[in-house]
Amino acid sequence: MQFQFATATRVIFGPRTVNDAGRLARELGRHALVATGRDAGRAAPLLGFLREAGVGAATFSVCGEPDLDTVRRGVELARREGCDLVVGIGGGSVLDAGKAIAAMMGNEGDVLDYIEIIGRGRAVAKPAAPFIAIPTTAGTGSEVTRNAVLASPEHRLKVSLRSPFLLPSIALVDPELTRNLPPALTASTGLDALTQLIEPYVCLRANPMTDALCEEGIRRAARSLRAAWREGGDAEAREDMCVASLFGGMALANAGLGAVHGLAGPIGGMFSAPHGAVCAALLPHVMRANLSALRGRQPGSPALARYQAVARLLTGNSGAGCEEGVEWVGRLVGELQIPGLEGYGLKRADTDEIVAKAAQASSMKANPIVLTAEELAGAVESAL
Ligand SMILES: [Zn+2]
């Protein structure tokens with residue numbers, strides 16, 4: 001057995017920990033670029049904490065999913081304002097933008113130089129500027145991952161800036177920040193978290209550390225996602241979902257993902273659809289495709305026992321079989337009102353292009369079995 005495990009330098013978890021953000025930032029720098037979502041006003045309390053600690057701030061609003069230009073504009077602002085650290089407060093898009101900006105503040109050249117396939121694929125050579133990641137959704141786990149997903153609209157592609165230097169200096173997870181998330185966002189981000197726990201658990205590169213995180217994360221998501229969706233103010237449910245998201249991020253960064261994310265990448269590049277909702281729509285169908293392919297071609301694969309363990313964690317029934325896990329996920333996706341992919345403009349005729357692009361996706365390499373183009377197309381069509 002051989003494995004490595006890397007995560008954010010420090011993880012700080014708990015209600016109201018955001019109140020310490022100023023003091024923590026002061027340990028890392030003097031002037032922060034604060035990346036926020038569309039509504040920069042929501043960062044007002046954080047700006048207050050920074051001010052009290054004597055840390056200057058320039059705010060940078062990230063609207064929607066970041067693209068290469070978002071990163072360029074952020075770096076330009078940071079250099080103009082003399083920023084020496086980055087604080088990101090928001091969902092996965094904001095945190096990914098913050099990570100990429102911090103990385104480029106520490107490195108020369110253009111962000112495209114460091115992107116594979118469409119760029120020069122150079123390795124990020126120098127440390128990033130210090131970065132504090134403060135998630136306000138419980139889903140992407142971006143606060144502990146080493147990549148930033150960026151859109152390239154001209155290529156209709158989503159690409160990743162990837163390096164161990166992208167791991168945040170501090171992941172500051174305050175469950176109270178997720179309390180006001182509307183139900184639809186709780187559902188899509190929460191199901192992304194669940195996907196990011198199931199895929200690393202059944203994938204080819206799972207290791208004992210990621211297994212432990214996935215088992216605990218799946219258990220918490222299973223007992224609390226419905227409750228957090230139904231009653232946003234349920235503090236225990238919100239806390240569980242923040243743990244699930246954090247553990248999912250740690251697991252995916254160290255073990256990899258699978259076909260759900262392999263397909264979600266190209267779909268997100270081609271259509272304007274939230275990542276979590278795409279993963280949620282695909283999850284039960286990809287689980288079913290994997291199970292059927294494993295039984296048909298690799299009946300001795302350890303992934304089958306792992307799917308059974310997933311079913312038992314999800315249902316809480318120690319006698320549950322793999323199918324019951326798939327059915328449980330399918331019911332949850334329906335109950336949380338996740339729309340089919342057709343709702344984002346995806347048509348049956350797009351399947352071939354999606355499947356061809358997905359074959360190149362790095363997530364696909366960790367899937368427990370190589371799925372054929374027909375099997376992948378079948379999963380996409382079932383998710384329409
Ligand atoms: Zn995801």
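Ligands are counted one by one from 1 in listed order, and the atoms in each one are counted from 1 as well. Start at 1 with the first residue, then count along the sequence.
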- Message: Testing the basics here: between P299 and L304, what is the closest heavy-atom pair and its distance to 0.1 Å?
- Response: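 Of all heavy-atom pairs spanning P299 and L304, the closest is O-CD1, 3.5 Å.
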- Of the non-hydrogen atoms in F247 and G217, which two are nearest, and what is the gap between them?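 Nearest pair, atom of F247 first, then G217: CD2-N, 4.2 Å.
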- Task: May I ask you to check whether T140 brings an N, O or S atom to under 2.8 Å from the Zn ion (ligand 1)?
- Result: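 Of the N, O and S atoms in T140, none lies under 2.8 Å from the Zn ion (ligand 1), which means no.
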- Query: N/O/S atom of H261 under 2.8 Å from the Zn ion (ligand 1), yes or no?
  - Reply: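 Under 2.8 Å: H261 contacts the Zn ion (ligand 1) through an N, O or S atom.
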- Query: When you draw lines from the Zn ion (ligand 1) to OD1 of D192 and to NE2 of H275, what angle lies between them, to the nearest 10°?
  - Reply: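 Answer comes to 100°, rounded to 10°.
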- Message: Salt bridge or not between E76 and R73? Use side-chain N to carboxylate O under 4.0 Å.
- Response: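 No, no charged N to carboxylate O under 4.0 Å.
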- Message: Distance to the ring centre below 6.0 angstrom and angle to the axis at most 45 degrees; does that hold for R226 and W328?
- Response: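 Relative to the ring axis of W328, which defines the angle, R226 lies inside both limits.
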